[in-house]
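Remember, it's a predicted structure, so these values are computed and weren't measured experimentally. Below, read A as the first sequence line, B as the second, and so on, with proteins coming before strands; counting in each chain starts at 1.
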Amino acid sequence: MPDLSVNLLGIELSNPIIPASGTFGYGREFAELYDIDILGTFSFKGTTLHPRLGNPLPRIAEAPSGMLNAVGLQNPGVDKVITEELPNLAKIFHKPVMANVSGFSIEEYAETCRRLDGCDQVGWLEVNISCPNVHHGGMSFGTDPMQAAAVTKAVKAVTTKPVIMKLSPNVTDIAAIARACEEAGADGISLINTLMGMRIDPRRRAPIIANTTGGLSGPAIFPVALRMVWQVYEAVSIPIVGMGGVSSAEDVIEMMLAGATAVEVGAANLADPWACPKIIEALPAAMEKYGIDRLKDIIGGAHHG
Amino acid sequence: MKQVTYTIHTNNPLTQDVYRMVLEGDTSAITAPGQFVNLTLDGLYLRRPISVCDWDADGLTLIYKVVGQGTDQLSQMRPGETLDALAGLGNGYDLAACPNDPVLVGGGVGVPPLYGLAKWLIRAGKSPSAILGFNRAEEIFFDMEFAALGIPVTVTTVDGTAGLRGFVTDAMPEDAYVCVCGPEPMLKAVHKLASGGQFSFEARMGCGFGACMGCTMPTVDGYKRVCKDGPVLGYGEIKW
Ligand SMILES: Cc1cc2nc3c(=O)[nH]c(=O)nc-3n(C[C@H](O)[C@H](O)[C@H](O)COP(=O)(O)OP(=O)(O)OC[C@H]3O[C@@H](n4cnc5c(N)ncnc54)[C@H](O)[C@@H]3O)c2cc1C
Ligand SMILES: Cc1cc2nc3c(=O)[nH]c(=O)nc-3n(C[C@H](O)[C@H](O)[C@H](O)COP(=O)(O)O)c2cc1C
Ligand code: FES
């Protein structure tokens, strides 16, 4: 019997498959389709201190082998997540969940994490630093090592839960950002968030997405994501959660060989709501094909010397 | 919602760019007229949402207009080929909320879901009438099918080449209860004239089943997902 389990920052996962934030809501829609306890865990929708309505429509566009989204972090706010979503979740999911947190100032990140720190259901905090810093000309926290470190420090100061910093790929040196987070006390790194892109409607001669730009995800970004996971693995010694375009058991194995301890699956859930159960089901055969007995043995296995 | 592999029975043009596709396969997930299916097409990442026009135990009918790559590909598919679909998406029209004589108002490819609705209303003992709006005579489809249900049908064309010249609103009785599907400017104009009813919306969708927040719109009761809480919204919920 092949062993699919991995250990992510002190918590055992029965397998490394984690639906990615923003593609799985708070679990409810998928729990109607399958038993979501089969997942390693999942990362819930990006949650902010205050409720957010998100961006105007259209928010979605097709892309070659992928999609663009500009949802704009629509979420009910952390208090409602704690009082309504988490109690609902307790009925359908019986494992620690990954809490994905976004913010527009360092104080906001810290306060949101502080409130989630009191929730027993939350196993990890995944801090999305792809958001614009309103006090810093709107530049994303994730594009500046100093800002990334400042968010990490502020969050670490208010929680005892493992803190996973989720990096933006829209940078020239991903390793430098990862290193800054590690030095500031991050327990883990997850990557990649979406790559900024756009589409134009030639008939209207205007961008399709109301927000002009959107984040590219799906198979189109898999090689970029894999390369970045590889680079971050070489740069830091904390665990990595890899994602970006993962859609098959083979992709999971590649991600883990590049250095991922666990693997998130995003856009694939939207195109095929049963994508994650299918990947989990396909993993044993893929492992057998490559002579893998224990999945955890291959983490970073493609790095030699 | 159910994932179903349908087999194409027929796929024929009704006008220059509108096609009728009849699919065979499991329809058990479809529970109300106005619901939609989300189709996977070769080489395209996102599924394409198309309303269910009509269905029975053995299959369903879709009517779609070729507007881009996905619908163009759909139009080239042949009988015997298969289509992967998520079926039974969205809320659909609420029959119980309809009075005895609702006016069904459709524009262009908004017409198809009203056909299924008309059938269900008749089956429920109600007496609907229909107003079907098109741009010009050559674009008219399904007027005969509606008439064959034995209900009053008014056709309007913008250029007056058939039926009543003008927009669907020019044919609307005052203070009607309406069930509407069509482009948003039409929904808005109809909403202004009607006294109540149900309105079917469109949005670009990421998932079609409520997971991604790609399709939400503001309503009187806060934001709603067109794909899951809609596509049909009640008269009083709508905020333009
Ligand atoms: C609930 C619902 C029911 C629908 N029912 C019908 C129907 O019965 N008959 C019919 O002809 N059309 C219907 N549409 C519109 C239909 O989904 C689009 O015309 C179709 O997706 C266009 O795909 P494409 O690849 O040909 O065009 P492209 O423009 O190449 O598509 C690119 C992307 O934009 C999306 N898109 C483009 N236009 C629309 C649109 N109007 N609404 C939503 N997404 C769009 C596509 O799904 C795709 O993701 C419906 C839409 C919705 C939301
Ligand atoms: C519709 C949508 C919404 C997303 N929302 C969030 C979010 O709220 N927070 C976040 O950290 N990432 C968000 N993401 C990014 C994904 O979690 C993931 O990092 C990215 O999509 C790459 O993985 P994929 O190619 O498997 O989708 C979102 C992605 C999509 C497609
Ligand atoms: S399309 Fe994903 S929530 Fe509606």
Tell me whether [X] at atom [atom1] has more than 12 heavy atoms from other residues, nucleotides or ligands lying less than 6.0 Å away.
X	atom1	result
B:Lys65	NZ	no
A:Arg28	CZ	no
B:Asp42	CG	no
B:Met217	CE	yes
A:Lys278	NZ	yes
B:Phe167	CZ	no
B:Glu81	CD	yes

Quick check on the interface: out of [options], who has the most heavy-atom pairs with chain B under 4.5 Å?
options	answer
A:Pro219, A:Ala268, A:Ser65	A:Pro219
A:Thr23, A:Leu53, A:Asn69, A:Val71	A:Leu53
A:Ala61, A:Gly66, A:Gly72, A:Gly27	A:Gly66

> Which atoms of B:Leu86 come close to chain A, meaning under 4.5 Å heavy atom to heavy atom: side chain ones, backbone ones, both, or neither?
Replying inline: side chain

>> Is B:Gln3 close to chain A through its backbone or its side chain, or both, or neither, when contacts mean heavy atoms under 4.5 Å?
In response: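 Interface part for B:Gln3: both.
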
Could you look at [X] and say if it's the side chain, the backbone, both or neither that has a heavy atom under 4.5 Å from chain B?
X	value
A:Ala220	neither
A:Phe30	side chain
A:Arg203	side chain
A:Ala267	both
A:Pro56	neither
A:Leu33	side chain

>> Shorter than 4.5 Å, heavy atoms on both sides: which option in B:Thr216, B:Asp84, B:Leu44, B:Thr40 has the most such pairs with chain A?
In response: B:Thr216

To the nearest 0.5 Å, what is the distance between [atom1] on [X] and [atom2] on [Y]?
X	Y	atom1	atom2	value
A:Leu57	B:Met205	CG	CE	10.0 Å
B:Met1	A:Glu32	CE	CD	8.5 Å
A:Asn55	B:Met213	CG	CE	14.0 Å
B:Cys212	A:Met67	SG	CE	6.0 Å

>> For a quick test of reading the model, state the closest non-hydrogen atom pair linking B:Arg204 to A:Pro58 and the distance between them.
In response: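 That closest heavy-atom pairing would be CD-CB, 3.8 Å.
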
> Do you know which two heavy atoms are closest between A:Gly218 and B:Tyr45, and how far apart they sit?
Replying inline: CA-OH, 4.1 Å

>> One thing to verify: whether B:Arg47 and A:Glu62 come together as a salt bridge, which I'm taking to mean a side-chain N less than 4.0 angstrom from a carboxylate O.
In response: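 A salt bridge is absent here (no side-chain N lies under 4.0 Å from a carboxylate O).
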
> Going through the distances and angles, do B:Arg225 and A:Gln74 end up as a side-chain contact (heavy atoms from CB on, under 4.5 Å)?
Replying inline: CA-CA 11 Å; B:Arg225 296 164 296 182; A:Gln74 181 181 344; over 6 Å; no

